[in-house]
Every structure is written in structure tokens, then in C-alpha cells.
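Values below: all heavy atoms of this structure, side chains included; hydrogens, waters and symmetry mates excluded. One is the number of the first residue; the rest follow in order along the sequence.
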Amino acid sequence: MRKILTSLIAVLVITNMQAQQPSAPKLVVCITVDQLRGDYIEYFYNTFGEKGFKRLLNQGIVYDNIRFEFNNVGQATSFATLFTGSNPCFHGIIGNPVFSFKDEKEISCLNDPEYLGNYTTDHYSPKNLFSSTIGDELKIASKGRSDVYAIAPDAESAILSAGHAANGAFWIDNFNGNWATTTYYKGIPWYVDRCNSGVETLSSRLATLVWEPTLPLQEYKAFPYLLDDLPFKYTFNNKSAKVYEDLKSSPIVNDEVNRLALQFVENNAFGTRACPDMLAVTYYAGNFRLLMDKEYTREIQDTYIRLDKNIASLLDAVDKKVGLVNTLIVFTGTGYYKSEENYADGLAVSRGQFHPDRCVALLNMYLMALYGQKSWVKGYYNGQIYLDRKLIEDSKLDLNDIQSKAAEFVLEFSGVQNVTTDRRLRSGYWNQNTANFRNGTHHLYRGDLIIELQPGWTTTLEKTASKQNVIRNNAVITPLIFMGNGLKPAHIHREVKATEVAPSITHILRIRPPNACKETPLFELITH
């Protein structure tokens, strides 16, 4: 009798667990908003409809904020981190663009001369992404049967969210406005070709696109810092050399992203295969390119109002075609926000200017005094100083010794908060203060000195006569939401790591996490 009862209890427990465990989704839709700010969602909440942001917040499992564990978070590094579940020290994407000292110019982190472009002259591939992605693991698990596509305004967002094994990644070309891709991916769906021909092309519709207020001016009252009551109106002149770059920094680009995304939802047979499919969609919510030096504008509020409608439209289309109950929606942002700060006369907020060119020249003079009259320093780029390692090797000098002496010298410059060396990070001599340096760089591309400036300082580059952003250490609030596929709504008031997103998605898909991912799935999704 005891054995019978024990067996019966075991059967009931297993049955109950199976009843609670949701099935794998038929479709995963990853919605990533470049430069999304959670505080703006809060400020603009009352102007949203019921089916966009509010639907996500009310029907999803909502985490307040995700945190990136490295400095200088940007578009490429954040996408690679979200979709590989690893930091730049593993996935290899350290920023975009990157600087080629060999060619003396900036290039895309995904530049690859081996592959031609389709509808673009650019040459891209994911070969510089060293880790697998969510989509790659889905392709491996399904033996290629799952469809994996990515759509984004920019090539880096599209390719890094798609991965190596995807069916395709599409972005808007900066020069012709077409939906572009690379010959690395095989095949272009017919509806993408249709968007690039005849009256469907962006170039043929450019003159009809206008960005002006969606709501009456008096309803843009989230910011008490507006200086005028004038409406705004932006058109896009196809005679301008950078017209598509302007458009891609406006909310109009999200309409174009949706235009293609809805074609995929309608025509690609997502959710009808034996294995799950995946669609990665990227929107833009940053400053307009022509207003980078302005904050607290009606334009940024209108961007979110329009984005709310785009999200609602996409969710409705997925619900109609596949069913949200069969779809996992993953919504988040990129953890950074790009702007340029200008201060009114008399507001002495900036603490000073750091001049990398002068720093490099003085450092080279110092090393000359120690090691001889040679050009020991190659240059400065993106907070890092690069030494001429071949010259050091040919001179039979100790690289570690030179890096250490150079770091001590640079640390004496005004505005420098911290300096560490490549050798220290490679050798494990890093601590809590320099962990972000290690996480955010890769040993194959890392400079010899990695510099951190104090908050409030600006970086001035004499060669380009440009002033970079004022240094800020503020966190950008970035929510993370999982919705659909039978998940019950919940609000989790804790911060999670950006590297925990990918293993959580793969757990729900019942596949392995990406190969460089060391994190486990979020606890609430395992027990939900």
C-alpha cells in the first residue's frame, strides 16, 4: 500500500509540474529599442495608448533595470552582449566604429571585405563576433529548420542580433535608403525585394515623409524646461548627402522598420513549423541627429508617442497571425543614451578638458627619454592608448615594463581617474575598480593603456576639432520585459544583468545558451 501511495504522489507531482510548465513558444520576437530610457516611459506614460508600452508593462514580467558590466556601452557592444549572453571580453565586439591603425581610419566592427553587399556597397559579416547568439543556438537545435531574421535601422544592430547562422539580417543603407544585407546570408525574401523596387522604395516616398507633432502642443508637458511654444516640422530632402542618416535618427525610421517587420509576420509562415522561429526587431528612441545638443524637447516625447504606436502595431500583427499565447515577446533597450551637452554662459559645470593628442605627444617624449628617440606611441582611440608593440619587440624591451611606466605617467594628467594596462588585465591583476575595463575590452583589440576620466570632464581632439560627450557615470534605466507564451504578469523590483537575457530566452526555448554565456536563466522565469 505504501509503495502504491508513493507512486501515486510522484505521478501527481510530475503531472502538476507538467501542467505548470509552459510549452516552448512557436515564435520569439525580440524587440530591442536603441537608447531606450525607462524614465522617459514613466514621464510620457499618460500619452500612450493601451496596446503598446502599457500592454507590455501590464501583461508582462517586468524587471526594472538591466545593467551592463562594462564601461562605454554603445550600440554594437550592447546588442552583442544581449544576444550572446557574454561581455565584450568574450564576444569580441568592443565598439563601433573601431580604428584601424594600419589603414589610419575608422571602420565598422563588422567590416569584412570577403563579402559583398546586397542593395549596399558596404562589406559586412558577423565573423568578428566570436560567440554564438540566441539565433545561432536555435538554428543548431532545429538543424536549420527554424527561421531566424533580424530587422534594424543599422547594420550592426541587425547582424549582431541575427548572428552567424541566421537566414538574414536587414538594415537601411545610409546612401540609397534600400533595405540592405550582405551576401554572407543566403537569399532575400521576395517581399524585401519588393520594398526595394518601384513606388515601395524609401527613396521614392522620401518627399512625402514629414515629422511633426502627433498631439496638440499643449499635451507635450512632461518636461517643465521647454523654451518656446513653437511646433516642429522636419522634412527629408533627398538632395542632402546625409538624408538617410537624418531619417534614421528620427521616429520615422521606426515606421520603416515596422513596414518591413509586418511583411515578415504576414508572409514568412512564422509559428507554423515544428521548431520555433525567431524575429529580432530594433527600434530607435535616441535624439534626433540635428538636435544632439538639446535636451528635454517635444521631439523626444513625440518619438516615444510614435514608438508606442509602432509597438502596438507589431504586437497586434503577431497576435493575429501567430497568437501571443504562442509567442514569447522579449522587450528591452541598449543601456546607453547619446547626447551632446552645451551649457549656457555662466554655468561652469564642466570641470576641464582632456586633450588626448597632447597626452600622446607628452607620453612619447617621456618614453623617448627612457628608451631612446623613437616613436613609441601609435595613437589614442576611444579611451585607449596604443603603443608600437612591434617596435618594442624589435628593440628587445619588456612590454610590461613600458606599459607600467606609461600608465604611471598618464595617471598624473588632470582629469584622469584611473589607468590600467593590457598586461594587468591579461594576467588577472584586475580588481573591482578595473573589472569594467576587462569586461568591456577584448585582448585581441585592446590598447596598451585603458583610461577612465573623472565625471564632468570633456575630451577634446585637436586633429578633428571635435568635442566628445561630457563624461557621466549615470546609469540609464533600461527595463526588461518578457510577455506572452503563458507567462503571468509580475513586476520584479530588482536589477538584472544584461548577460542574463540570452540564457533566459534559450531556457524558455529549451535549447542551450550561447557558447560564451556563463549566466543562468532568471530565477522568476524558471519558477514562474
Side-chain angles (χ1 to χ4, degrees), residues 68-115 122-133 154-157 159-160 163-164 334 336 356 359-360 363 376-393 399-400 402-403 406-407 410 418-430 434-453 459 461 468 498-499 514-516:
F68 290 82
E69 300 174 287
F70 51 91
N71 295 334
N72 299 322
V73 179
Q75 181 190 48
T77 54
S78 61
F79 273 92
T81 298
L82 288 168
F83 284 87
T84 66
S86 60
N87 288 315
C89 58
F90 289 106
H91 61 60
I93 302 299
I94 60 172
N96 191 61
V98 294
F99 192 81
S100 169
F101 285 98
K102 177 183 177 182
D103 300 321
E104 288 295 317
K105 65 177 183 179
E106 291 182 326
I107 59 174
S108 169
C109 62
L110 298 179
N111 181 63
D112 188 350
E114 292 185 15
Y115 293 95
D122 292 322
H123 301 260
Y124 295 134
S125 87
K127 77 170 186 180
N128 291 331
L129 179 65
F130 297 152
S131 168
S132 66
T133 64
D154 298 307
E156 290 75 19
S157 306
I159 293 173
L160 292 172
H164 306 81
T334 51
Y336 78 103
C359 176
V360 165
L363 174 61
W376 301 104
V377 184
K378 294 181 70 173
Y380 169 95
Y381 186 75
N382 195 27
Q384 300 179 55
I385 291 178
Y386 294 78
L387 302 178
D388 191 331
R389 296 192 181 186
K390 186 176 187 307
L391 175 60
I392 294 170
E393 181 181 356
L399 178 62
N400 184 42
I402 294 180
Q403 286 183 350
V410 173
N418 198 358
V419 182
T420 192
T421 70
D422 170 61
R423 183 61 64 89
R424 290 174 192 163
L425 299 182
R426 283 176 183 255
S427 303
Y429 296 129
W430 50 275
T434 55
N436 284 350
F437 289 154
R438 176 184 178 273
N439 290 339
T441 57
H442 192 277
H443 68 275
L444 292 181
Y445 310 119
R446 187 185 295 136
D448 293 272
L449 307 182
I450 301 93
I451 303 170
E452 180 182 24
L453 295 182
T459 304
L461 299 169
Q468 296 182 357
T499 49
N515 57 20

Verify, without hydrogens or angle tests, whether [X] (side chain) and [Y] (backbone) share a donor-acceptor contact under 3.5 angstrom.
| X | Y | answer |
| --- | --- | --- |
| Asn436 | Asn71 | no |
| Asp112 | Glu114 | yes |
| Thr421 | Arg424 | yes |
| His123 | Asn111 | no |
| Asn96 | Ala76 | no |

Heavy-atom side-chain proximity of [X] to [Y] below 4.5 angstrom:
| X | Y | value |
| --- | --- | --- |
| Gln403 | Leu399 | yes |
| Cys109 | Asn128 | no |
| Tyr380 | Cys359 | no |
| Phe90 | Thr84 | no |
| Leu160 | Leu110 | yes |
| Thr81 | Phe68 | yes |

Under a plain distance cut-off of 3.5 Å, with no hydrogens placed, do Thr133 and His164 share a side-chain donor-acceptor pair?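 The criterion, which ignores hydrogens and geometry beyond distance, is not satisfied for Thr133 and His164.
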Are side-chain N/O atoms of Gln75 and Thr334 paired as donor and acceptor at under 3.5 Å?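 No donor-acceptor contact under 3.5 Å links the two side chains.
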Rounded to the nearest 0.5 Å, how far apart are [atom1] of [X] and [atom2] of [Y]?
| X | Y | atom1 | atom2 | result |
| --- | --- | --- | --- | --- |
| Trp376 | Leu391 | CH2 | CG | 4.5 Å |
| Ile402 | Asp448 | CD1 | CG | 9.0 Å |
| Phe70 | Thr77 | CZ | OG1 | 4.0 Å |
| Glu452 | Asn72 | CD | CG | 9.0 Å |
| Ser78 | Ile93 | OG | CD1 | 11.5 Å |

Looking only at non-hydrogen atoms, find the nearest pair between [X] and [Y] and report the distance.
| X | Y | answer |
| --- | --- | --- |
| Gly447 | Gln384 | N-OE1, 2.6 Å |
| Gly379 | Val360 | C-CG2, 4.2 Å |
| Ser100 | Ile107 | CB-CD1, 4.3 Å |
| Leu129 | Ala80 | CD1-CB, 4.0 Å |
| Asn515 | Ser131 | OD1-OG, 3.3 Å |
| Val73 | Tyr336 | O-CB, 3.5 Å |

Can you tell me which residue among His443, His91, His442 is in a ring-ring contact (aromatic ring centres under 6.0 Å, His included) with Phe130?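 By the ring-ring contact (aromatic ring centres under 6.0 Å, His included) criterion, Phe130 pairs with just one of His443, His91, His442: His442.
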Steps toward side chain to side chain contact (heavy atoms under 4.5 Å, CB included) verdict (Tyr445, Val98): CA-CA 9 Å; Tyr445 310 119; Val98 294; over 6 Å; no
Whether Phe83 and Phe79 hold their rings parallel, tilted or perpendicular, with breakpoints at 30° and 60°: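 If you compare the ring of Phe83 with that of Phe79, the planes turn out parallel.
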Tell me which one of Ile385, Ile450, Leu449 satisfies side chain to side chain contact (heavy atoms under 4.5 Å, CB included) with Val419.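 Exactly one pass, corresponding to Leu449.
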So among Leu425, Ile451, Thr441, which one has a side chain to side chain contact (heavy atoms under 4.5 Å, CB included) with Thr420?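 Result: among Leu425, Ile451, Thr441, Leu425 is the only option passing the side chain to side chain contact (heavy atoms under 4.5 Å, CB included) with Thr420.
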Partner residues of Asp422 under the salt bridge (Lys or Arg N to Asp or Glu O under 4.0 Å) criterion, sequence neighbours left out: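 Only Arg389, Arg426, Arg446 meet the salt bridge (Lys or Arg N to Asp or Glu O under 4.0 Å) criterion with Asp422.
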